[in-house]
Amino acid sequence: MNSQKIMSEIEETINQCTKCPLHETRANTVPGEGNIHSPVVFVGEGPGADEDAAGRPFVGRAGKLFEEILKAVSFSREDVFITNVVKCRPPNNRNPMPDEMMSCAPFLFSQLQVINPILIVTLGAVPLSFLLEKKTVRITSMRGNLIEYKDGVMIFPMFHPSYLLRNPSKTKGSPKYLTWQDIKEVKRIYDEHRK
Ligand code: URA
Ligand code: URA
């Protein structure tokens, strides 16, 4: 079976999923989207209100900023694959809970298996701590550093765009400044491993 077909089946399974309570309050599932041949996959936390309404990841205010970050290195959304740890919106935009992330994990892992990226870019602390299986992570010291994950795959932590909305300064050393550095490194690795 080809990759596109497998990805469609994963999406279909997500759309039918009732494994955790988040399905009760969702308007739409948000499986993720983009280039399934991308060497880089971006993983956020979970859908917010705009994403829940649209059924698409990163389309709200944080999403607009995320697109700007991509544009800074001439990436478009369609160049990369964009998804989240959980595929349904946690009520009131709270963080997803450990059991919700565990229920949803097989979907993310199946998506990663199909895409087989060289790099997973985690946006914020939630996807980073989830993938590394650590209760807490220091995003400020870990961002911008490559971490060996498994099977030759690397993780590259970046700040979450929502965090940048709360910290709009672009002065040298600010979170935004550092993010604009980080995305250049992502682009460099993408170009090196373009399939
Ligand atoms: N924040 C996330 O973590 N993911 C989205 O899809 C949107 C906002
Ligand atoms: N704390 C977070 O949880 N995420 C960030 O991106 C930065 C600080």
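We use all heavy atoms of the structure for the numbers below, so side chains are in, but hydrogens, waters and symmetry mates are not. Counting convention: from 1, in listed order, for ligands and their atoms alike.
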Exercise. Do L164 and M158 come close enough that some side-chain heavy atom pair is under 4.5 Å?
Worked result: no

Exercise. For atom 8 (C) of ligand 1, which protein heavy atom lies nearest, and how many Å away is it?
Worked result: F58 CE2, 3.7 Å

For this session: Measure the distance from atom 3 (O) of ligand 2 to every protein heavy atom, then report the residue, atom name and distance (to 0.1 Å) of the closest one.
Result: A125 CB, 3.6 Å

Exercise. Parallel, tilted or perpendicular: which describes the rings of F66 and F58, with under 30° parallel and over 60° perpendicular?
Worked result: tilted

Exercise. Between the side chains of Q16 and E12, does any donor sit under 3.5 Å from an acceptor?
Worked result: yes

For this session: Side-chain contact test, heavy atoms from C-beta onward, threshold under 4.5 Å: evaluate it for P47 versus V86 and give yes or no.
Result: yes

For this session: Compare T179, L164, I139 and give the one whose heavy atom is closest to atom 1 (N) of ligand 2.
Result: I139

Exercise. For atom 6 (O) of ligand 2, which protein heavy atom lies nearest, and how many Å away is it?
Worked result: H160 N, 2.7 Å

Exercise. Should one rank N84, L123, T83 by closest heavy-atom distance to atom 4 (N) of ligand 1, which comes out on top?
Worked result: N84

Exercise. Among G44, G46, G48, P57, whose heavy atom sits nearest atom 5 (C) of ligand 1?
Worked result: G46

For this session: Give the atoms of ligand 2, by number and element, whose distance to some non-hydrogen atom of G124 is under 4.0 Å.
Result: 4 (N), 6 (O)

For this session: Specify whether F75 and Y190 have parallel, tilted or perpendicular ring planes, treating 30° as the upper limit for parallel and 60° as the lower limit for perpendicular.
Result: perpendicular

Problem set entry | Residues K71, E67: salt bridge by 4.0 Å N-O rule | no

Problem set entry | Nitrogen or oxygen atoms of Y163 and ligand 2 under 3.5 Å apart | no

Exercise. In a check of side chain to side chain contact (heavy atoms under 4.5 Å, CB included) between V43 and each of L123, L108, N84, which one passes?
Worked result: L108

Problem set entry | Proximity to ligand 1 by part of E45, non-hydrogen separation under 4.0 Å | both

